[in-house]
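Some notes on the structure that comes next.
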Amino acid sequence: VIVLIGFMGAGKTTVGRLLAPRLGLPFVDTDALIETRTGASVAEIFESKGEGAFREIEREVVAEVLAGPDAVVALGGGAVNDPVTCVALEWTTVVYLDAPYSESMHRIGADPGRPLLTIADPRALYEERKVSYEGLADATVDTSARAPEAIVQEVMLRLAPEEDESARFRRVVVPLADRRYEVVVGAGVLAALDSLLPPSDDAEKAFVIAHRGVVDDALNTLRAALERRGLEPHLLDPPSGEESKSLTTVEALYTELAERRAHRHDLVIGLGGGVITDVAGFVASTFNRGMPLVHVPTTLLGQVDAAIGGKTGVNLPHAKNLVGTVYQPALVICDVELLRGLPHEELRSGLAEVTKYGFIAEPSLLDFVEQRAVELLAGDADALVDVVARSAAIKAEVVAADEFETGERAILNYGHTFAHAIEQTAGYGRIRHGEAVGLGMMAAAYLARELGRIGDEVVERHRRVLDTLGLPNRAELDIDVLEPTWQHDKKYRGGVRFVLLAEIGKADYGIEAPREMVARALERLKR
Ligand SMILES: NC(=O)c1ccc[n+]([C@@H]2O[C@H](COP(=O)([O-])OP(=O)(O)OC[C@H]3O[C@@H](n4cnc5c(N)ncnc54)[C@H](O)[C@@H]3O)[C@@H](O)[C@H]2O)c1
């Protein structure tokens, strides 16, 4: 049993809910259990029967939970005052979620469900309990100003035995309506693939779609991990480059799968950049009407974006990604060690997508990229793990809220309406996707300025961020050339729709703009 203790507002319930599925355990919140058992809220019990009566009920419930089957338990803040409970806690693993007094108070606000907040001196209570918590804790985790995901990650690390390497990875869950999968981020994750793969009794073969000669070390690591899992590895090596993201490539892969007798429980693994994972995803979603899929992205762009969220597809001469499916992988392995040989330009291209998350959702990520640009471009593993995990978490949240892009998910296309048109008119493969996205965001910023949505300083921030990363922020683009490609845009409804910022960290989608304003934005992009 793992018990989370801490003062009101420490986040025991939030953290416990996230932690329990990671450890494969049920979650029990003792306050919630008391409320279910008694049919009254904690506040009502305090009010009608007094604190003494509540503590008696609590002692019984807690004793039962601690003696019961393994679980993650969030303990009521005052339960630690009971000597019987304290003895029982000695047999469990106790994690103290520590938060400063002011932050605890801020988090709980004026919650009427917290009866003890009405007492005269909550600070004295806080100080007194802190001493008890520290005395009982096997591990203390500082929760101040940290997102629940980061706290869960640290709790996992603290609970893991020293020799359990896999707990040292950062895990981002994509919680879809009907199932969930993990994006596992770290240095050396690929070697642990065999322990991360979801269980399957029926899979016999693993079809790895990858380019020989690009990441051969990774192929060897992958092969060994698959063999350890008892899976027979098969390598399928399609032609490379954006122009190979086509139905011709897909058909050739179908043929190989058929010839090698791929069954529907066998695994498809996409090991490569966004081109490979888009094609592998499309093939896995359609061959045998769907096969389990694992992505091992080997470009930064793939790790922060393309491999997460389930969009698969190929290009037609008319437009990029015109044919595709939404098909989620069962697991995504983001091993930053695979980025070691990645050319600088490809790292930059991936960082453009990272800044996209900063612009649409998390300004602090933008600050981080600007401050750590040199390390990131030099391939610093810690800095890369951080941006990959943070980007993956943002994408996971947006995708989970709108898997099939009926609304909100469209914000992930910030800069992409311009970018796709730029890529297509330049000719597939002539400009990197991330570079086009950078230019697309710049154009979108000028357009938002034209529409009066943002000020000059936000436009300037776009220019500066792209400059810092060595990405282009000027281009000669003509509306007459871009416009025909927009007729194929999936968001086209009687006119093209843009994703534009309202401020840094907040984007809106489905925005129409008069042609002359788009033309003016493109004019400004030339300067
Ligand atoms: N499905 C999605 O949600 C989504 C999101 C963003 C982008 N995409 C797609 O992703 C594609 C772009 O992906 P990309 O930027 O990864 O390009 P890419 O797949 O073409 O890879 C870029 C280049 O890097 C090489 N490479 C890959 N891994 C390497 C490594 N570890 N070391 C050295 N070289 C390596 C590749 O061979 C290629 O030449 C586009 O087709 C885009 O449409 C899809």
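Remember, it's a predicted structure, so these values are computed and weren't measured experimentally. Note: hydrogens, waters and symmetry copies are ignored here, and every other heavy atom, side chains too, is used. Just so you know, ligand 1 is whichever comes first in the structure, and atom 1 is the first atom listed for that ligand.
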Report summary line: Contacts of His462 meeting side chain to side chain donor-acceptor pair (under 3.5 Å) (sequence neighbours excluded), chain-then-number -> Tyr414

Requested in this report: Can you sort out the partners of His234 under side chain to side chain donor-acceptor pair (under 3.5 Å), two or more places apart, ordered by chain and number?
Outcome: Glu232, Arg260

Report task. Decide whether Glu405 and Asn413 meet the rule of one side-chain donor and one side-chain acceptor closer than 3.5 Å. Result -> yes

Query raised in the report: For ligand 1, what are the residues with a heavy-atom contact below 4.0 Å?
Result: Val214, Val215, Glu242, Lys245, Gly273, Gly274, Val275, Asp278, Thr298, Thr299, Leu301, Asp305, Ala306, Lys311, Lys320, Asn321, Leu338, Gly341, Leu342, Pro343, Glu346, Lys395, His433

Query raised in the report: Are Phe498 and Tyr509 near enough that their ring centres are under 6.0 Å apart?
Result: no

Hey, can you pull the donor-acceptor pairs under 3.5 Å for the side chains in residues 218-228, sequence neighbours left out?
| from | atom 1 | to | atom 2 | distance (Å) |
| --- | --- | --- | --- | --- |
| Asn220 | OD1 | Arg223 | NH1 | 3.3 |
| Asn220 | ND2 | Asp216 | O | 3.4 |
| Thr221 | OG1 | Asp217 | O | 2.9 |
| Arg228 | NE | Asp194 | OD2 | 2.8 |
| Arg228 | NH2 | Ala191 | O | 2.8 |
| Arg228 | NH2 | Asp194 | OD1 | 3.2 |

Requested in this report: Give a yes or no on whether a salt bridge exists between Arg527 and Glu476, defined as a side-chain N under 4.0 angstrom from a carboxylate O.
Outcome: no

